[in-house]
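What you see is a predicted model, and the numbers here were worked out from it, not measured in a lab. Computed over heavy atoms, backbone and side chain alike; hydrogens, waters and symmetry mates excluded.
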Amino acid sequence: MKDLKGIYSALLIPFDENGNIKEDGLRQVIEYNIEVSKVDGLYVNGSSGENFLLNTTQKKQIFKFVKEVVGSRVKLIAQIGSLDLNEAVELAKYATDLGYDSLSAVTPFYYPLSFAEVKHYYETIINATENTMILYYIPTLTGVKISLDQFAELLDNEKVIGVKYTAADFYQLERFRRRFPNKLIWSGFDEMLVQAVVSGVDGAIGSTYNVNGKTSRKIFDLAKAGKVAEAYELQHQANDVIEKVLELGLYQTLKEILKVKGIDAGYCKQPMKVFAPEKLKEVEQLVKDYNL
């Protein structure tokens, strides 16, 4: 199994006013993540990349461009989950052929599917590619909850190497770690990184790591080393940033932070609103106060 542990940015994607991908800007975002934030890898076409607002052609464009820019400098995980299973398989094959280190797929959402249907979804993707799979578990957005016994069924497939765990149920997380010691867990809630590391996760995947990756790395390393009090002090600072970002608009504000730092992070896809220009001074102050 490849070493996929560590800190991953859920990659932000710059768009122009018409929703087209700004490749020059995307290159800048990628380089900032690698050279400044020093992340271990990038999680491509997840929620932070506004994936569910994109068509298949745009998703492929992003997968191809990111791989061309990154090469083998950091690990790459391709989120290919889709309500259209045919599209998920098509994207899975495409990303696999490009050389992505692993696939990931969000649980199918909106429709109240049975666990047997969810399992079929994952098995279909895996069987079509023979690539490894990371389950993307985010019940607050998908409405899909998976029990430990159901996780066991999914993880029984050797190609399922772990889970991106974006849930606040730390009892289930502890039980998961205890029951599946040989599987990988990535924390998905940036604001709960300390708690997740104490619970035994192997890494973290988050949107705010695009702008605050260095601090997140310190939190992760300190907590891993048992220096929880020191890690918590940094988590307080990180959560101050997260709180303000959420107040101003998550993805829009992260992109504005990058713009303040000279990176062409573009706009969000409609129907997401445009960042309010009168709030820019608050973003500039945030960057200054927390040395982003």
Do Gln28 and Glu23 make a side-chain contact, defined as non-hydrogen atoms from C-beta onward lying under 4.5 Å apart? no
Whether Lys38 side chain and Glu35 backbone form a donor-acceptor pair below 3.5 Å: yes
Please tabulate, for side-chain N and O atoms in residues 195-208, each donor-acceptor pair with protein atoms closer than 3.5 Å (sequence neighbours left out).
residue	atom	partner	partner atom	Å
Ser199	OG	Gln195	O	2.9
Asp202	OD2	Arg177	NH1	2.9
Asp202	OD2	Ile185	N	2.9
Thr208	OG1	Asp190	OD2	2.5

Please check if the side chain of Lys60 supplies one atom and the backbone of Asn55 the other of a donor-acceptor pair under 3.5 Å. no
Residue pairs meeting salt bridge (Lys or Arg N to Asp or Glu O under 4.0 Å), one or both in residues 204-225, sequence neighbours left out, come to Asp40-Arg217
Side chains of Tyr165 and Gln172: do they bring a donor and an acceptor to under 3.5 Å? yes
Proximity of Phe109 and Phe52 rings by center, below 6.0 Å: yes
Donor-acceptor contact below 3.5 Å, side chain Lys22 vs main chain Asp264: no
Short N-O contact, Glu68 and Lys64, less than 4.0 angstrom: yes
If you define the side chain from C-beta out and look only at heavy atoms, does anything of Lys255 sit under 4.5 Å from Phe275? no
Distance only, no hydrogens: is a donor on one side chain within 3.5 Å (strictly under) of an acceptor on the other, for Ser47 and Tyr136? yes
In this structure, which one of Ser48, Ser9, Ser104, Ser102 forms a side-chain hydrogen bond (donor to acceptor under 3.5 Å, both in side chains) with Tyr43? Ser104
Phe63-Tyr100 aromatic ring centre distance below 6.0 Å: yes
Under-4.0 Å salt bridge between Glu87 and Lys59: yes
is_close_aromatic(Tyr8, Tyr209), centroid dist under 6.0 Å: no
Between Asp289 and Gln285, is any side-chain donor less than 3.5 angstrom from a side-chain acceptor? yes
